[in-house]
**Student:** 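One structure coming up, written as structure tokens, with questions to follow.
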Amino acid sequence: MNVKKHRHFIQRIIDEDNATGKFDNRVHTRFPPEPNGHLHIGHAKAICLDFGIAHEYDGKCNLRFDDTNPIAEEEEFVDAIKEDVHWLGFEWDNLCFASDYFLQMYDLAVQLIKQGDAFICDLTADEIRKTRGTLTEHGKESSYRERTIEENLDLFKRMRSGEFPNGSRTLRAKIDMAHPNLNMRDPVIYRILHATHHNTGDNWCVYPMYDWAHGLEDSIEGVTHSLCSIEFEDHRLLYDWYLDKLGVYHPQQIEFARLNLSYTIMSKRKLKQLVDGGHVSDWDDPRMPTLSGMRRRGFTPQSIRDFMDEVGIAKRENVMEIEKLEAILRDDLNKRAQRRMAVLNPLKVIINNYPENESEELEAINNPEDDSAGSRKVPFGRELYIESDDFMEDPPKKFFRMAPGREVRLRYAYFITCNKVIKDDQGNIIELHCTYDPETKGGSAPDGRKVKATIHWVFAKDALDTEVRLYDRLFSVPDPAAVDNFLDVFNPNSLTVISHCKIEPSLLEAEIGEQIQFERLGYFCKDTDSTTETPVFNRTVPLRNTRAKLEKQQHGQKN
RNA sequence: UGGGGCGUCGUCUAAGGGCAGGACACCUGGUUUUGGUCCAGGCAGUUGGGGUUCGAAUCCCUGCGCCCCAGCCA
């Protein structure tokens, strides 16, 4: 029992800090999204870490919007992010906005100027870039670097009051243009942006840069461990420099590797491109790796949290296989989803020896993994629909399902045998004539004879007509981010819409988003696009299918 | 080429001087009224070379490889 759980490097750091009393044994984290798009599965890793650490150490975690760039940010995204964090199962201690600290940040910038550690620079963005130097060459100091403190103070005040146009001046830290870390070469602290901010409106026309803002946000909120992704490692030096120069409370930044998932992308910029370009319906398109998309697709928050436990926390670059996510999803869904029967591609079956105009109700188990889910009645009669894939007129060796003269079981119903195949003019199979054995009611034969297959079905008279949407991976290659143009590898078959599917009538009561297993097919949920006339179901994930896998392998060998 | 990081089964991740373990994937077989679930078994790894040590994935030295940084984005 009592298995010693592995502690990842961040937990070890915190354990050490608590042992030495570095932060008075407080643990306070924050999840700091920029409201410029929807959260995705990569953010879920950070959310589970930030909130998980706080919970584990009986500390606090803030939800903080890092809203320092009014051009990219929207209120709509603030709401979406809050909804997603809640849905994932977390409750923040404080709801914060970087923009609430704009005045404090401004005052601290004034302090920095007064200390002689910052100056107003009149160089254009282009000139700053050209004088920054390169990876191997030093930069050149700005000609405005030695302005007097008084002049800097005056200009900064006038920048704030709106006297100057966008891009005309910046406030820059005075550090070292020869520094090997490019972030230390007199980085910009404030830029002029005459833009309306979602939170502060037109109160400001100067906005702080990330490096300046982020450390101050952490400091103001009393954050102890500021967890961020690995690309900010280079920025830690500057994070520390600002906090030290200012002499304010100094949290510790710790970096970890972000999550990558095969066959998809995590770049918010690219996801936005998919939305804006109409390649997907919206941020919550069920194919998207966004939390809103995954929710609509039918993922449970539990499955995402379980996945993050498997992902682990480390610094090395990683790509999780999408198959692992699906395995964990199925594991969760298998336990919680009720079973129903649905036929995606209907083939009519007529049971000739079943009395016309009669029907009966048969008992079906709702979830074999959960006795408490009970059972239901499913209607049965003379005319049924079965999956057209479940019949082959001339079956190959390993095909166990229905074929002429072969007896199979209709799940929870009877054994039936096909004795006539009806075709249309083009030779397509349109109907099967069968006989049933009344002695096999419920699905077992009193004489003990066996069948090789059990197939699902729906009673034609009571079947509901529905649309089903099948989803496949968004991209056709494992690493779409590595391709020149990721749109070139967008999977054209990522969405397949099937109409006139037949589902059992009990599905009328399904709620939007409720997870259901369509027996032998996969896990599905009712989509928000459903209307009273036409319910729409999303396939969350197919069942594992060794049959299809084998067929695929055999097919691959032939070619 | 400057700086910052990272190298353990195919993929993720443990082992922090003492039997290289787990999960997913893959392969066998069993159970089964879902070709699902479940059960049993199998395959498979320490970036190269030196050194320290009774003992090295782990410590040291030295190669090699990969990732990030030259936004007035975050």
Side-chain angles (χ1 to χ4, degrees), chain A residues 6 8 12 32-34 36 66-69 71-73 121 123-126 128-130 132-139 166-172 178-185 187-193 207 209-211 213-214 228-237 255 257 259 262 268-269 309-321 323-328 330-331 334-335 339 341 364-365 368-369 398-401 409-413 415 442-444 450-456 478 517-522 542-551:
Chain A
H6 162 66
H8 57 67
R12 289 180 193 202
E34 184 189 13
N36 66 345
D66 213 353
D67 53 353
T68 57
N69 182 5
I71 292 165
E73 297 149 8
C121 184
L123 259 29
T124 64
D126 201 40
I128 286 183
R129 182 169 50 79
K130 282 183 176 139
R132 184 156 22 231
T134 67
L135 298 180
T136 51
E137 297 163 60
H138 294 173
N166 286 356
S168 58
R169 284 177 226 266
T170 54
L171 176 68
R172 290 226 261 165
H179 200 107
N181 181 331
L182 266 37
N183 296 123
M184 301 298 275
R185 317 243 261 226
V188 172
I189 301 174
Y190 271 92
R191 77 284 214 187
I192 300 171
L193 242 36
Y207 290 93
M209 295 290 290
Y210 168 84
D211 288 303
H214 206 89
C228 63
S229 48
I230 214 93
E231 68 268 27
F232 292 104
E233 215 152 16
D234 284 340
H235 296 246
R236 191 175 63 238
L237 196 59
E255 311 84 13
L259 171 71
S262 63
K268 248 200 245 180
R269 202 194 93 243
D309 285 343
E310 292 284 311
V311 164
I313 300 295
K315 295 192 76 160
R316 69 185 88 96
E317 189 173 309
N318 64 87
V319 183
M320 293 301 293
E321 290 174 330
E323 291 86 348
K324 179 121 179 180
L325 212 209
E326 291 176 346
I328 289 170
R330 287 193 190 101
D331 199 47
N334 178 48
K335 286 177 282 186
R339 319 279 125 133
M341 290 198 282
I365 292 165
E369 306 295 318
K398 288 275 178 76
F399 186 88
F400 304 148
R401 290 157 280 160
R409 170 165 43 231
L410 293 177
R411 176 139 236 225
Y412 298 125
F415 287 8
S444 53
K450 303 284 183 197
V451 289
K452 287 196 102 164
T454 300
I455 65 175
H456 61 276
Q517 183 195 107
F518 288 174
E519 295 231 20
R520 303 208 304 135
L521 297 175
L543 250 28
R544 177 181 283 122
N545 191 340
T546 49
R547 153 186 44 122
K549 198 157 54 188
L550 282 174
E551 284 166 4

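Per chain, numbering begins at 1; letters A, B, ... match sequence-line order. Reckoned from all heavy atoms, side chains included, excluding hydrogens, waters and symmetry mates.
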**Student:** Any donor-acceptor pair, under 3.5 Å, between the side chain of Arg339(A) and the base of U34(B), if you only look at N and O atoms?
**Tutor:**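 Side chain to base: pair found, below 3.5 Å.
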**Student:** Using a cut-off of 4.0 Å on non-hydrogen atoms, how would the nucleic acid contact of Ile128(A) be classed: base, sugar-phosphate, or nothing?
**Tutor:** base
**Student:** Look at the side-chain N and O atoms of His6(A) and state whether any lies under 4.0 Å from the OP1 or OP2 oxygen of A15(B).
**Tutor:** yes
**Student:** Side chain of Arg544(A), heavy atoms from C-beta onward: which of A70(B), C24(B), A74(B) has the nearest atom to it?
**Tutor:**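 Closest nucleotide among those given: C24(B).
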**Student:** Could you state the atom-to-atom distance from CZ of Phe232(A) to P of A74(B) in whole Å?
**Tutor:**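 The distance from CZ of Phe232(A) to P of A74(B) comes to 9 Å, rounded to the nearest Å.
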**Student:** Does Arg401(A) contact G35(B) through a side-chain donor or acceptor facing the base, at a distance under 3.5 Å?
**Tutor:** yes
**Student:** What is the nucleic acid contact for Phe399(A), judged by heavy atoms within less than 4.0 Å: base, sugar-phosphate only, or nothing?
**Tutor:** base
**Student:** Looking at Arg191(A), I'd like to know whether one of its side-chain N or O atoms comes within less than 4.0 Å of OP1 or OP2 on A74(B).
**Tutor:** yes
**Student:** Apply the syn/anti split at 90° from 0 to G17(B) and say which one it is.
**Tutor:** anti
**Student:** Which listed nucleotide (U13(B), C68(B), G2(B)) is nearest to the side chain of Ala314(A)?
**Tutor:**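 So the nucleotide nearest the side chain must be U13(B).
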**Student:** Counting only side-chain N and O atoms of Arg132(A), is one of them less than 4.0 Å from OP1 or OP2 of C69(B)?
**Tutor:**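 No, because none of the side-chain N or O atoms of Arg132(A) sits under 4.0 Å from OP1 or OP2 of C69(B).
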**Student:** Establish whether the base of A25(B) is bridged to the side chain of Lys324(A) by a donor-acceptor pair shorter than 3.5 Å.
**Tutor:**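 No such pair is found, so the answer is no.
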**Student:** With a non-hydrogen cut-off below 4.0 angstrom, is Glu326(A) in contact with a base, only sugar-phosphate, or nothing?
**Tutor:**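 Nothing, no nucleic acid heavy atom in range.
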**Student:** Considering just the side-chain nitrogens and oxygens of Arg547(A), establish if one lies under 4.0 Å of OP1 or OP2 belonging to U34(B).
**Tutor:** no
**Student:** On a plain distance test, is the side chain of Glu321(A) in donor-acceptor contact with the base of G10(B) below 3.5 Å?
**Tutor:** yes
**Student:** Counting side-chain heavy atoms from CB outward, which of C68(B), C24(B), G5(B) is closest to Ile230(A)?
**Tutor:** G5(B)
**Student:** OP1 or OP2 of A14(B) sitting under 4.0 Å from any side-chain N/O of Arg316(A)?
**Tutor:** yes
**Student:** Just to confirm, is there a sub-4.0 Å distance from OP1 or OP2 of U32(B) to any side-chain nitrogen or oxygen of Thr454(A)?
**Tutor:**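 For U32(B), OP1/OP2 do not have a side-chain N/O of Thr454(A) under 4.0 Å.
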**Student:** Toward the 5' end of RNA chain B, which comes first, Ser444(A) or Thr546(A), by nearest nucleotide?
**Tutor:** Ser444(A)
**Student:** Strictly by Watson-Crick or wobble contacts shorter than 3.5 Å, is anything paired with U37(B), and which nucleotide is it?
**Tutor:**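 The answer is none; no pair meets the criterion.
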**Student:** Can you check whether any acceptor in the base of U13(B) is under 3.5 Å from a donor in the side chain of Glu310(A), or vice versa?
**Tutor:** no
**Student:** Which nucleotide in the list G2(B), A70(B), U13(B) gets nearest to the side chain of Asn318(A)?
**Tutor:** U13(B)
**Student:** Kindly say if Arg520(A) contacts the phosphate of G35(B), meaning a side-chain N or O under 4.0 Å from OP1 or OP2.
**Tutor:** yes
**Student:** According to a strict under-4.0 Å criterion, is Arg269(A) in side-chain N/O contact with OP1 or OP2 of A74(B)?
**Tutor:**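 No.
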**Student:** Hey, is the side chain of Thr68(A) poking within less than 4.0 Å of OP1 or OP2 on A74(B), counting only N and O atoms?
**Tutor:** yes
**Student:** Quick check: any donor-acceptor pair below 3.5 Å linking the side-chain of Asn545(A) to the base of G35(B)?
**Tutor:** no
**Student:** Below 3.5 Å, does any donor atom in the side chain of Glu369(A) face an acceptor in the base of G36(B), or the other way round?
**Tutor:** yes
